[in-house]
Q: 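For reference, the structure I am asking about is given below.
Counting convention: from 1, in listed order, for ligands and their atoms alike. Residue numbers start at 1 and run along the sequence shown.
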Amino acid sequence: MRQWRMPVPSRVIQVAVPRPLHAVYDYHVPETLPMPGIGTRVKVPFARSTTVGICVSDVVENPHKTLKDVESVLDTAPIVPAELMELAHWMSNYYHYPLGEILATVLPAAARRGATCSINPPDHWRVCTEAFENTRARAQAALFDDLRERGPTATADLLAAGHSRASLNNLSKGDYIERCEPADTPASETPPTPTEAQETAIREISAALQSFAPFLLEGVTGSGKTEVYLRSIAPVVEQRQQVLVLVPEIALTPQTLSRFQRRFANVGMLHSNLGDSARLQTWLKCARGDISVLIGTRSAVFTPFKALGLVIVDEEHDSSYKQGDGLRYSARDLAIKRAQSRKVPVVLGSATPSLESLYNANLGRYQKLDLPYRAGNAQMPSYRVIDMRGLKHTDGISVPLERVIRDHLRAKGQVLVFLNRRGFAPTLLCAACGWQAHCSDCDARLTLHKNPSHLVCHHCSLKFQVPKTCEGCGGNGLMAVGLGTQRTETGLQNLFSDVPVYRIDRDTTRTNAKLEAQFAKVNQGDPCIMVGTQMLAKGHHFPNVTLVAVLNADAGFASADFRAPERTAQLIVQVAGRAGREQRPGQVWIQSYQPENILLQRLINEGYPGFAAAELAEREKNGFPPMHSMALLRAESAQGQEAMELLNQLKAQLSGVEIMGPVPAPLARIANRNRYQLMLLAPRRTQLHAALRRLKIPKVPYTLRWSIDIDPYDSL
Ligand code: ADP
Ligand code: ZN
Ligand code: ZN
């Protein structure tokens, strides 16, 4: 009789390591170690050192003959849950990127380095007995009484109040006090009554809970999209499920956070300024289900959730959702992917949706929800165009604009002046010989900055001294040409010396805290002028701004990038949306040297929806995204020769797709490296990916950098 034996489980696993290689590696797990499950971190020897990798398979068909041993298993349970593991595999396929590096991106930095993944004990304290009666321990008694009075209090606050760590320890040892979570501040806000349009949107979203349902919420600026989010979140949280809210980088301000905290308990936050350990803690708490609502920027899309119930992507058109280097993922697209695999609704909200999302809505893939009017009593702002041809201006402010600004300030309104360029002037030019200050390392002009005076390259960040005389002819004809926010700030200060002028750009506002401080001053409500870059365009609510001035609308529409018109229109509409958000109606004045520009005219006359429809038709005609799929192969090297050669080699292998290039990138040299690109287009996603998968990338020296960008946002 034949004997059936249980198959001996093999002790071989596959490990993905964070190295730029596509392969995963087989390792043997010694008997002394527990068998790690898929998604568990393991420490393994790799290339004469050790690294932290992730177990990605425990069924290895034909293991490699000579196997190295796993050194240690770092987790008792998988840290990457099955859903995220599946997402990582999908990304590896879609973005043509090594699985090990994808998993390294998914994990918080601390976990990637091998830190222990456990949730810190809560750092608040509360009393847990009736009384403390040891009258001789005076310090402990004082702490006990104080704590009973205060309720849950953070360790740091108790120490700051003069209590000692010794007292804390002693009381805790005697079971008089215990650790606890901070007390939840109960909802402290009466929400406004939803408008009819809000009501419809909330109803549709709520009806779709527990199933995959993508929504595109197109709501004009100030229409109350956030209120729709908040009310859609409420029933999810009540069901003890969790919500992921993605917001653009610049929009995650304390103002945003507190709007959610006033409504819900256990709100968590993830953004790029968070320390590694805090980031890991939040990650773990989401996985355990401790956090109900997680608000985060791009990389928060990789957070594990115990019971995800709803995903929201606010300002879904925002460029900060697309990672610009390394693993060039789109957090918006991944958010949809996650909602799909967790079978929950996803809401993409914007006043100016991306053409991608509008196209999907047109095809019926997304359900469209509209908020066509502003909430409360606010009216949409009105647009005017100032024909700048032949007009005089003071540091960018034309005479008619100066008059309007004065009118608004006199009527106690606030004014926002938008100019998308930092510094004093974008060009330093010699009037005698035409010499211009260029960066030594880039094909780019240097921007003049003042206070202190220097020339800065906005591409590689190099700084240079301002030459006293022209470097071309030695003469004294140097002059600052063109406008930056610094120059306009000075101009505005001279013209309107009796009101404060606040400049808001990356130079004045390096941190969110600084930005908040500036906005706090503005929101005291007195007449003032803000001048700044796109930082001012994003989601902020300034109740008293009645005038928005766009100093130069032309540059954006003229750019070579196929997305430039879309981006420019979004920017103008968003910045215009800061005007008249409460009782007083707002005006938008746009200065232009090409006032009859068809794109500008269309935007003003037909609004963003009309503009977007025309732009979509244009993209269709040209075979561009979103109808066709695009990938950009980039390569750069010191001389450029090797980069060009690599792209030509790759081109020779490609078939079944439309190929453009290789050509020098529009900014051909940055930081002394010459850049080339090859653009691929295909009517179907699958064609593009099939072609890319067939590519055999030759071995290249490490001095030659190359990348594949799927669905590129920037083609410059
Ligand atoms: P959006 O995100 O669409 O630009 P917000 O959500 O910031 O708009 O809302 C703009 C303003 O309108 C906020 O001050 C908000 O409190 C208010 N608001 C929202 N919904 C209503 C409503 N139904 N009734 C009155 N005010 C509302
Ligand atoms: Zn000169
Ligand atoms: Zn430079």
Q: Can you list the protein N, O or S atoms less than 2.8 Å from the Zn ion (ligand 2)?
A: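 Listed by chain and number, the atoms are C430 SG, C433 SG, C470 SG, C473 SG.
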Q: Between D505 and R421, does any side-chain N to carboxylate O distance fall below 4.0 Å?
A: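 So D505 does not pair with R421 through a salt bridge.
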Q: Do the charged groups of R563 and E356 touch, with an N to O distance under 4.0 Å?
A: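 A salt bridge is present here (some side-chain N lies under 4.0 Å from a carboxylate O).
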Q: Within the side chain of Q518, is there an N or O that forms a donor-acceptor pair under 3.5 Å with the backbone of T509?
A: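 Checking the backbone N and O of T509 against the side chain of Q518, no donor-acceptor pair under 3.5 Å is found.
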Q: With a 4.0 Å heavy-atom cut-off (strictly under), which part of L371 contacts ligand 1: side chain, backbone, both or neither?
A: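 Under 4.0 Å from ligand 1, L371 contributes no heavy atoms.
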Q: Given a threshold of 2.8 Å, state how many protein N/O/S atoms are nearer than that to the Zn ion (ligand 3).
A: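 My tally for this metal is 4.
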Q: Please walk me through it: do E199 and R203 pass salt bridge (charged side-chain N to carboxylate O under 4.0 Å, His left out)?
A: CA-CA 6 Å; E199 189 82 66; R203 186 162 13 87; 5.7 Å; no
Q: Between E582 and ligand 1, is there a nitrogen or oxygen pair with a distance under 3.5 Å?
A: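 Checking ligand 1 against E582, no N or O pair falls under 3.5 Å apart.
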Q: Both conditions, 6.0 Å and 45 degrees, for the charged tip of K450 above the ring of F424: are they met here?
A: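 Yes - K450 lies over the ring of F424, closer than 6.0 Å to its centre and within 45° of its axis.
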Q: Verify, without hydrogens or angle tests, whether K322 (side chain) and S330 (backbone) share a donor-acceptor contact under 3.5 angstrom.
A: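 No, the answer is negative, given that no donor and acceptor are paired below the 3.5 Å cut-off.
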Q: Taking E227 first and then R263, would you say they form a salt bridge - that is, a charged N and a carboxylate O separated by under 4.0 Å?
A: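 Salt bridge present between E227 and R263.
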Q: Looking only at atom types and distance, does a side-chain atom of Q198 sit under 3.5 Å from a main-chain N or O of G224, one as donor and one as acceptor?
A: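 Such a contact is found between Q198 side chain and G224 backbone.
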Q: Can an N or O of G222 be found at a distance shorter than 3.5 Å from an N or O of ligand 1?
A: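 Between G222 and ligand 1, an N or O pair is found under 3.5 Å apart.
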Q: Compute the minimum heavy-atom distance from G219 to ligand 1 and say whether it is under 4.0 Å.
A: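 It does not, in that no heavy atom of G219 comes within the 4.0 Å cut-off of ligand 1.
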Q: Do N360 and P214 make a side-chain contact, defined as non-hydrogen atoms from C-beta onward lying under 4.5 Å apart?
A: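 N360 vs P214: side chains apart.
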Q: Working to the nearest 0.5 angstrom, can you tell me the gap between M380 CE and R581 CZ?
A: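 Taking CE in M380 and CZ in R581, the distance rounds to 9.5 Å.
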Q: Is it the case that the side chain of T508 and the backbone of R503 share a donor-acceptor pair, with hydrogens and angles ignored and the cut-off at 3.5 Å?
A: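 Answer holds: yes.
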Q: Check D507, T485, T533 against R422 for a side-chain hydrogen bond (donor to acceptor under 3.5 Å, both in side chains) and give me the one that passes.
A: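 So, applying the side-chain hydrogen bond (donor to acceptor under 3.5 Å, both in side chains) to R422 and each of D507, T485, T533, only D507 qualifies.
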Q: If we ignore hydrogens and angles and just use 3.5 Å, is the side chain of R445 paired with the main-chain N or O of T427 as donor and acceptor?
A: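 Checked: no pair found.
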Q: Can you find a non-hydrogen atom of R581 under 4.0 Å from ligand 1?
A: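 Within the 4.0 Å threshold, so yes.
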Q: For T226, take its heavy atoms, then give the atoms of ligand 1 lying under 4.0 Å from any of them.
A: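 With T226 as reference, the close atoms of ligand 1 come out as 2 (O), 6 (O).
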Q: Short question: side chain of R669, backbone of A638 - any donor-acceptor pair under 3.5 Å?
A: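 Answer holds: no.
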Q: Kindly identify the option in R259, Q198, E227 whose heavy atom sits closest to atom 7 (O) of ligand 1.
A: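 Of the listed residues, R259 has the closest heavy atom.
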Q: Hey, looking at atom 26 (N) of ligand 1, which of P543, G376, G577 has the closest heavy atom?
A: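 Closest candidate by heavy-atom distance is G376.
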Q: Give yes if a backbone or side-chain nitrogen or oxygen of G224 is under 3.5 Å from a nitrogen or oxygen of ligand 1, and no if not.
A: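 N/O-N/O distance below 3.5 Å exists for this pair.
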